[in-house]
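Worksheet: the structure to be examined is printed underneath.
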Amino acid sequence: MSTATTLENSTAIAIGGFDGMHIGHQALFAQLGKEGCIVVIETGYANLTPDGFRERYTHYPILYLELDAIRHLNGEEFVAFLKKKFPKLQKIVVGYDFHFGKDRRYSFKDLQTLFDGEVVVVDEVTHHNDSVHSHKIRHKLSIGDIEGANDFLGHNYTIVGTKEQGQGLGSKELVATININAREFLMPKEGVYVTLTRIDDEEHFHPSVSFVGHRITTDGSYAVESHILDGSVVCEAKAEISFVSFLRNNEKFATLEALKQQIQKDIALANKKLQRLAL
């Protein structure tokens, strides 16, 4: 279905930034019904699900609007803009903290007054008595709390990147790794992680151990690399890394042999954790 047809037929929209597509966002989408559409206000700061990566976490079509293109509108103009985009619009779904219009001066209360259809306001979503927000997910990732971030997201935090050349030490001196450039995405805390890695266009993920950070034992360069645990895999163009749990901090080792021994320990522990998850 074309974008124009989608907009023409949509009767309900959910509006927000929706970076992460986390469980709080999903609560809004649950209110859309059959002919729903998601309206993403792009601020330029999305790094949990940048660009088109939000699509993987919903079946609803998404319309992206640049904030700079609409931030000058007053309340009436914003509602008129939406009604022009969606001629059959009957319902608008927003979060309790939604603001819009010039200088963000309007709230959902103004929307309820200005829009002649239904306005659904979704209350704060919590997990274990903690409110779910994208900025909290970013903080959890920054401290290596992968399980906490994944709980808030409702899915494993996943980055996607293009293959790039590594040091060449892995297959010769340490273990073979796939190196990627995923700079669009927020990187978690430097360290070693239990992960699942998908190569190119394969349908399945491989169990893996991944490193994110500066190679302080060797040349100090920044790397995102993944070692596949279930055999040798050739990566042609791209890979995605799905983070499961944090293993250890980035450390400096006196020798490559000491680093190799630690990597073998990481591999053994990662295998145990992934096997427990599979039970």
Side-chain angles (χ1 to χ4, degrees), residues 1-127 129-138 152-154:
M1 184 180 293
S2 69
T3 301
T5 303
T6 297
L7 301 187
E8 182 180 313
N9 292 329
S10 295
T11 59
I13 60 174
I15 312 175
F18 302 132
D19 187 22
M21 301 293 279
H22 57 59
I23 59 175
H25 299 149
Q26 298 297 331
L28 272 69
F29 307 154
Q31 300 292 325
L32 285 174
K34 185 178 179 181
E35 300 294 339
C37 182
I38 297 170
V39 178
V40 170
I41 309 299
E42 280 283 28
T43 62
Y45 298 108
N47 56 7
L48 300 176
T49 47
D51 294 332
F53 288 98
R54 294 176 180 88
E55 272 86 351
R56 10 174 107 202
Y57 304 111
T58 183
H59 68 277
Y60 286 109
I62 300 178
L63 171 68
Y64 292 89
L65 295 176
E66 294 294 333
L67 177 60
D68 286 344
I70 59 174
R71 69 191 318 161
H72 64 285
L73 301 176
N74 63 32
E76 292 83 357
E77 291 169 338
F78 181 68
V79 171
F81 172 83
L82 293 176
K83 292 178 72 172
K84 185 176 181 180
K85 284 282 187 183
F86 300 93
K88 294 183 180 179
L89 187 60
Q90 300 171 12
K91 180 198 293 186
I92 298 176
V93 184
V94 295
Y96 70 99
D97 55 353
F98 176 72
H99 288 81
F100 68 100
K102 189 174 181 181
D103 300 323
R104 290 172 51 84
R105 70 179 65 175
Y106 304 95
S107 72
F108 69 83
K109 294 181 180 179
D110 299 291
L111 192 60
Q112 290 171 325
T113 301
L114 296 169
F115 180 57
D116 56 4
E118 180 183 6
V119 176
V120 176
V121 182
V122 176
D123 290 335
E124 183 177 68
V125 173
T126 62
H127 181 76
N129 297 317
D130 189 6
S131 58
V132 177
H133 295 282
S134 295
H135 71 86
K136 290 188 177 181
I137 295 170
R138 293 188 183 93
F152 273 24
L153 286 167

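On a predicted model such as this, the values are computed, not experimentally measured, just so you know. Just so you know, residue 1 is the first one in the sequence shown, and it goes up from there.
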task: Indicate the ring-plane relationship of Phe98 and Phe78, choosing parallel, tilted or perpendicular according to the 30° and 60° boundaries.
output: tilted
message: Is the shortest side-chain heavy-atom distance between Asp116 and Lys83 below 4.5 Å?
response: yes
- prompt: Does a side-chain heavy-atom distance below 4.5 Å link Gln26 with Val132?
  reply: no
field: Leu28 side chain near Gln31 side chain, heavy-atom distance below 4.5 Å
entry: no
query: Rounded to the nearest 0.5 Å, how far does CD1 of Ile13 lie from CD of Gln90?
result: 12.0 Å
field: Arg56 side chain reached by Thr49 side chain, heavy atoms, under 4.5 Å
entry: no
query: Do Arg54 and Asp19 come close enough that some side-chain heavy atom pair is under 4.5 Å?
result: yes
- prompt: When you measure from the side chain of His99 to the backbone N and O of Asp97, does any donor-acceptor pair fall under 3.5 Å?
  reply: yes
query: Is a side-chain donor or acceptor of Tyr106 paired with a backbone partner of Gly101 at a separation under 3.5 angstrom?
result: no
- request: Please round to the nearest 0.5 Å and tell me the distance separating atom NE2 of His133 and atom CZ of Arg138.
  value: 12.0 Å
- prompt: Looking at Phe29 and Ala14, what are the two nearest heavy atoms and their distance?
  reply: CD2-CB, 4.1 Å
- request: State, to 0.1 Å, how close Leu7 and Pro87 come at their nearest heavy-atom pair, and which atoms those are.
  value: O-CD, 3.8 Å
query: When rounded to the nearest 0.5 angstrom, what distance separates NZ in Lys84 from CD in Glu77?
result: 12.5 Å
field: Spacing of CG belonging to Leu65 relative to OG1 belonging to Thr43, to within rounding of 0.5 Å
entry: 12.5 Å
query: Taking all non-hydrogen atoms of both residues, which atom of Cys37 and which atom of Ser10 are closest, and how far apart?
result: CB-OG, 3.5 Å
statement: Given the options Thr58, Val93, Thr11, Val120, Leu32 meets side chain to side chain contact (heavy atoms under 4.5 Å, CB included) only with Val93
message: I need the minimum non-hydrogen distance between Arg105 and Lys102, along with the two atoms involved.
response: NE-O, 3.1 Å
query: Do His22 and Phe152 have their ring centres less than 6.0 Å from each other?
result: no
- line: Minimal heavy-atom distance between Val121 and Tyr96, with the atoms involved, is CG1-CA, 3.7 Å
message: What I'd like to find out is whether the side chain of Val94 reaches to under 4.5 Å of the side chain of Phe100, using heavy atoms alone.
response: no
- prompt: Measuring from Tyr60:OH to Glu35:CD, what's the distance to the nearest 0.5 Å?
  reply: 9.5 Å
- prompt: Hey, does Phe86 have a side-chain heavy atom less than 4.5 Å from the side chain of Val39?
  reply: yes
- prompt: So, does Asp130 use its side chain to make a donor-acceptor pair with the main chain of His127 at under 3.5 Å?
  reply: no
query: Within a strict 4.5 Å, meaning less than it, do heavy atoms of the Ile62 and Phe18 side chains meet?
result: no
Separation of Leu82 CG from Ile92 CD1 (nearest 0.5 Å): 5.5 Å
- request: Would you sort out whether Tyr64 and Glu42 count as a side-chain hydrogen bond (donor to acceptor under 3.5 Å, both in side chains), showing the intermediate values?
  value: CA-CA 7 Å; Tyr64 292 89; Glu42 280 283 28; 5.7 Å; no
